[in-house]
Number of protein chains: 2
Amino acid sequence: MLTKARALAAGQLAKAAGVNLETIRYYETIGLMPAPPRTPGGHRVYDDVHVRRLAFIRRGRELGFSLEEVRALLILNDPRQGSCAEVKDIAAMHLTEVRRKLADLTRLESILAASVASCTSEPLASCPVLDMLEL
Amino acid sequence: MLTKARALAAGQLAKAAGVNLETIRYYETIGLMPAPPRTPGGHRVYDDVHVRRLAFIRRGRELGFSLEEVRALLILNDPRQGSCAEVKDIAAMHLTEVRRKLADLTRLESILAASVASCTSEPLASCPVLDMLEL
DNA sequence: CTTGATCCCGTAGTGGCTACGGGAGGCAAA
DNA sequence: TTTGCCTCCCGTAGCCACTACGGGATCAAG
């Protein structure tokens, strides 16, 4: 006997995947999550397939992929069609973007740190933070 | 004779400060930029004070301050009232946030880099990027 | 006076959710 | 069975910081 896929209510799925209930509904409206079957009363009923898909999405989001990138990755992942190169392209593109942001933030950090550090907290006439912005 | 503040049209101000025209109008509607005088025909007329203020805002934004933080900094900067400590608080808070993002992105970068690097581009059955998301 | 660039304004759209609110479903204890 | 309470339903609006669109008015140069 195969283990039956257990049925989950929306809130349970949310908890299982670490996502807000409203977020699931949102993913459904934009077509990222499939519309699940319902109880006679209209409540959504999910199973393990949904849990895995939602977890996939959440991990993608945590790695900074946009929802559209996640959408593309989901298609490539199911049923692992297309080429690995396509996946690599998306990830590499994203990596480039991450590195760009990293460089920006690093520069930012040193500027802010320097100006905050040289802030003597007393007269506002020559505040290094404001001076930086003033010119 | 003092040098007269030269009058600028909206587009010229935009160019001078490196900001979009629409962005200036947006800043005006949210009260970040003052409503300037107008020509009889209704076109906005700016001067050097506006240029400096807009440049201040733009630099603040480049350093990642939110518009509300910029708004607070503008008040403290003009006419340099309040304490330097207030400015420092805003900047230090922002610096903390920048460092948090920096840490996140650094972690992200190594995960993505590793999984992209180990991508052999051939069979999709075991794609390291997808595997990472799949579980 | 005509031409062509600029500027006007209001509105709607972007991404990725989150919040709100009133009503209905579901389930367990009494 | 009734009561109570939690969960879920749906649609809509809001968040941030702009950006885009479009049709009409104005401006400066020739």
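None of these values were measured; they are calculated from a predicted model. Every chain is numbered from 1, with letters handed out A, B, ... down the list of sequences.
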Quick one: A:R38 CZ to C:dG25 C1', roughly how many Å, whole number? 12 Å
Heavy-atom pair of closest approach, residues B:L32 and B:R53: O-NE, 2.9 Å
Using a strict 4.0 Å threshold on nitrogen-to-oxygen distance, state whether A:D47 and A:R6 make a salt bridge. no
Would you kindly give the CZ-to-P distance between B:R25 and C:dT6, to the nearest whole Å? 17 Å
Atom NE2 of B:H43 and atom P of C:dC8: how far apart are they, to the nearest Å? 6 Å
Go nucleotide by nucleotide along DNA chain D from the 5' end; which of B:T23 and A:K15 gets its closest nucleotide reached first? A:K15
Of B:E22 and B:G11, whose nearest nucleotide on DNA chain C comes first from the 5' end? B:G11
Any salt bridge between B:E28 and B:R25, counting N to O under 4.0 Å? no
Look only at the side chain of B:H50 and the backbone of B:L8, and say whether a donor-acceptor pair between them is shorter than 3.5 Å. no
Is B:L67 close to B:Y26 at the side-chain level, that is, under 4.5 Å between some pair of heavy atoms? yes
Dot-bracket line, read 5' to 3' along DNA chain C, where crossing pairs take [ ] and | marks a partner on another strand, Watson-Crick or G-U under 3.5 Å: ||||||||||||||||||||||||||||||
At a heavy-atom distance below 4.0 Å, which nucleotide of DNA chain D is the first touched by chain A, and which is the last? D:dC8 to D:dG11
Integer-rounded Å distance: C:dC17 P and A:R58 CZ: 12 Å
Within the 4.5 Å heavy-atom criterion, are A:I30 and A:R71 side-chain neighbours or not? yes
If I take atom CG from residue A:L102 and atom CD from residue A:E97, how far apart are they, to the nearest 0.5 angstrom? 11.5 Å
Flag, side chain of A:R59 to backbone of B:L133, donor-acceptor distance under 3.5 Å: yes
If I take atom OH in residue A:Y26 and atom P in nucleotide C:dC17, what distance separates them, rounded to the nearest angstrom? 7 Å
CG of B:L21 versus P of C:dC8: gap in Å, rounded? 6 Å
Length of the CD-P vector between B:Q12 and C:dA5, whole Å: 16 Å
May I ask you to say whether B:K101 pairs ionically with B:D104, meaning some side-chain N is under 4.0 Å from a carboxylate O? no
Take atom CZ of A:F65 and atom P of C:dG15, then tell me their distance rounded to the nearest Å. 18 Å
